[in-house]
There are 2 protein chains.
Amino acid sequence: MNEIAFDSRECGSCPIRHRAVCARCESDELERLEEIKFYRTYEAGQPVLWAGDQMEFVASVVQGIASLSQTMEDGRTQMVGLLLPSDFIGRPGRDFAPFDVVAVSDLTICCFRKKPFEALMTSTPRIGARLLEMTLDELDSAREWMLVLGRKTAREKIASLLSILARRDASLRKQAPRDGMSFELPLTREAMADYLGLTLETVSRQISALKKSGVIVLEGKRKVLVPDLEALIDETGDDMDGGLIV
Amino acid sequence: MNEIAFDSRECGSCPIRHRAVCARCESDELERLEEIKFYRTYEAGQPVLWAGDQMEFVASVVQGIASLSQTMEDGRTQMVGLLLPSDFIGRPGRDFAPFDVVAVSDLTICCFRKKPFEALMTSTPRIGARLLEMTLDELDSAREWMLVLGRKTAREKIASLLSILARRDASLRKQAPRDGMSFELPLTREAMADYLGLTLETVSRQISALKKSGVIVLEGKRKVLVPDLEALIDETGDDMDGGLIV
DNA sequence: AGGTCAACTTGATCCTGATCAAGGAAGCGC
DNA sequence: GCGCTTCCTTGATCAGGATCAAGTTGACCT
């Protein structure tokens with residue numbers, strides 16, 4: 001996700017967050033960030049914020065996965081973002097949460113009170129610039145996901161999600177994605193369905209179908225092995241190179 | 001779209017652009033923007049940029065409509081954004097276009113060479129801050145659209161698009177959306193289909209259906225009259241208040 | 001007027017994914 | 001062990017939208 005190297009020890013106990021926002025920043029900025037931060041943890045399934053809530057902090061994901069989602073009155077739900085470690089929650093300059101934020105797995109986030117963070121942003125333009133860069137990345141990701149939602153078949157959708165998860169999993173442990181890699185599925189079938197605009201039954205069926213055609217191998221229900229990465233990417237319908245970055 | 005009042009005469013011949021980026025800025029910033037800008041025009045259907053193209057400028061839409069879209073090898077197309085007057089094209093800090101940009105109607109854009117614009121951004125933090133704000137708005141819009149693509153029925157999709165177009169049309173002429181308003185459809189059925197993740201036949205059928213149930217009245221093929229705005233919004237499946245802002 | 005073309009409408013049929021329904025597997029407390 | 005719950009799988013059927021296929025409309029040209 002974030003290419004910038006930054007020695008994590010210098011950042012104290014919240015390395016990822018600092019790497020995300022303060023890349024290349026000077027140490028006094030780091031210290032000022034240290035002063036205003038605190039941690040929160042949530043269990044899988046717990047809400048972090050409801051749409052419309054007052055947000056008194058911005059945060060970054062340290063560990064675990066959170067989701068951004070919207071629900072219609074009749075219960076139809078669409079996940080609009082998956083927040084993995086190093087992703088940013090909240091928006092300077094905005095007071096209310098636009099979407100529900102829910103802990104998908106056990107979750108630790110590193111929070112910064114919004115007011116001081118905003119003050120820091122105006123006094124340190126680099127932070128704002130970095131945030132703009134991150135937001136533009138997220139916007140591109142959201143738009144790429146619109147192709148998935150609007151035009152892909154169920155099978156292509158599943159393959160797209162798996163290939164994203166595989167790549168992000170690899171990059172979190174700083175490896176290149178490779179053949180024969182395996183990773184843990186952090187989402188229930190229902191959460192996958194909500195992300196992909198499908199039902200959980202269809203998700204289950206398509207995973208079974210990919211398994212049957214040998215594109216993936218399941219170890220238990222939540223562990224996926226990808227014997228041939230290119231075969232999986234083939235199933236996404238994307239052209240080889242471009243590829244989703246989420 | 002943009003709530004900030006700014007006397008357009010002060011901005012020379014490109015008022016919207018300046019209002020979008022330079023809101024509340026001082027006059028010397030305006031002058032510096034004047035120095036590096038130029039205009040381009042395109043006819044309906046012409047491409048502005050292909051995905052992967054080098055971008056040597058950023059721009060804002062002055063008149064007409066442009067689309068952002070992605071196409072798969074087999075020809076499936078998904079529009080991922082609709083750019084109306086005052087919307088921004090391009091991204092400081094990025095060299096290649098991530099999506100195709102096409103003129104949907106006759107189009108005028110106001111361009112700024114990227115290098116000087118970026119220089120201006122670092123020397124004038126307010127511009128960066130404004131751009132961050134706009135990008136966050138676009139991100140929210142993109143995420144709201146994901147609900148439309150992933151979970152809404154064809155009829156709800158059409159109603160959602162019409163209600164957005166109605167509202168943006170009203171706001172462009174600085175009126176509150178009201179009952180009995182009518183507006184021009186700037187998109188072909190095919191373009192609507194590409195935006196909504198449908199086929200053009202389904203779009204046509206659902207428009208006919210909405211007409212038959214009296215939610216809209218067609219005058220010719222491209223002019224829509226909305227006798228009762230609330231009835232249209234009802235059809236979107238959204239709750240009354242929140243509502244899509246695109 | 002007639003011809004041409006693009007945009008649109010409408011009908012018939014098919015198929016993907018939703019829905020309804022039942023049952024299996026793993027974890028956990030007692 | 002047993003019951004209980006949550007998550008997942010699989011089957012049968014249904015329906016919404018895609019696809020294929022004609023027509024229609026209207027703008028523009030000569």
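In the text below, chain A, chain B and the rest are named by the order of the sequence lines, each starting its count at 1.
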Practice item. Take A/Arg155 and A/Ser213, measure what side-chain hydrogen bond (donor to acceptor under 3.5 Å, both in side chains) needs, and give me the verdict at the end. Key: CA-CA 12 Å; A/Arg155 177 183 258 242; A/Ser213 36; 3.2 Å; yes
Point to revise | Gap between atoms CG and P, on B/Leu149 and D/dG17 respectively (whole Å) | key: 13 Å
Point to revise | Nearest-neighbour nucleotide for the B/Arg222 side chain, C/dT9, C/dA7, D/dG17 considered | key: C/dA7
Check your understanding: Over how many whole Å does the gap from B/Asp74 atom CG to D/dA18 atom P extend?
Key -> 15 Å
Point to revise | Rounded distance (Å) that lies between atom P of D/dC7 and atom NZ of A/Lys221 | key: 11 Å
Check your understanding: Hey, are A/Arg143 and B/Glu138 close enough for a salt bridge, meaning a charged N less than 4.0 Å from a carboxylate O?
Key -> yes
Point to revise | Length of the CG-P vector between B/Leu196 and D/dG17, whole Å | key: 12 Å
Practice item. Quick one: closest heavy-atom pair of A/Ser69 and A/Thr77, and the distance? Key: CB-CG2, 4.3 Å
Exercise for review: Can you see which heavy atom on A/Arg189 is nearest to which on A/Leu218, and at what distance?
Suggested key: NH2-CD1, 4.4 Å
**Study point:** Presence of A/Arg189 side-chain N/O under 4.0 Å of D/dT6 phosphate oxygens OP1/OP2
**Key:** no
Check your understanding: So what does A/Ser204 touch, heavy atoms closer than 4.0 Å: a base, only the sugar-phosphate, or nothing?
Key -> base
Practice item. For B/Thr199, answer base if it contacts any base atom (sugar-phosphate contacts may also be present), sugar-phosphate if it contacts only those atoms, and nothing otherwise; contact means non-hydrogen atoms under 4.0 Å. Key: base
Review point. Counting side-chain heavy atoms from C-beta on, which of D/dT19, D/dA18, C/dT19 comes nearest to B/Leu198?
Key: D/dA18
Review point. Taking the side chain from A/Asp87 and the backbone from A/Val61, do they hold a donor-acceptor pair closer than 3.5 Å?
Key: no
Point to revise | B/Leu218 CG - C/dA7 C1' separation (whole Å) | key: 14 Å
Review point. Of the candidate nucleotides C/dT9, C/dG11, C/dC8, which contains the atom at the shortest distance from the side chain of B/Thr188?
Key: C/dC8
Check your understanding: Is there a donor and acceptor pair, one atom on the side chain of A/Glu190 and one on the base of D/dC7, closer than 3.5 Å?
Key -> no
Check your understanding: Below 3.5 Å, does any donor atom in the side chain of B/Arg205 face an acceptor in the base of C/dG11, or the other way round?
Key -> yes
Review point. In whole angstrom, what separates B/Leu185's CG from C/dC8's C1'?
Key: 12 Å
Check your understanding: Rounded to whole angstroms, how far apart are CD on B/Gln206 and P on C/dT10?
Key -> 12 Å
Check your understanding: When we call it a touch if two heavy atoms are under 4.0 Å apart, what does B/Gly45 touch: a base, just sugar-phosphate, or nothing?
Key -> nothing
Practice item. Rounded off to whole Å, could you give me the NZ-to-P distance for the B/Lys212 and C/dT10 pair? Key: 7 Å
Practice item. Give B/Arg76 one of three labels, base, sugar-phosphate or nothing, depending on what nucleic acid heavy atoms sit under 4.0 Å from its own. Key: nothing
Practice item. Give a yes/no on whether any side-chain N or O of B/Thr202 is located under 4.0 angstrom from OP1 or OP2 of D/dA18. Key: yes
**Study point:** Donor-acceptor pair (no angle test) under 3.5 Å: B/Glu201 side chain, C/dC8 base
**Key:** no
Check your understanding: Which pair of non-hydrogen atoms, one from B/Ile109 and one from B/Ala59, has the smallest distance, and what is that distance?
Key -> CD1-CB, 4.1 Å
Check your understanding: Is A/Leu200 touching bases, backbone alone, or none of the nucleic acid, heavy atoms closer than 4.0 Å?
Key -> base
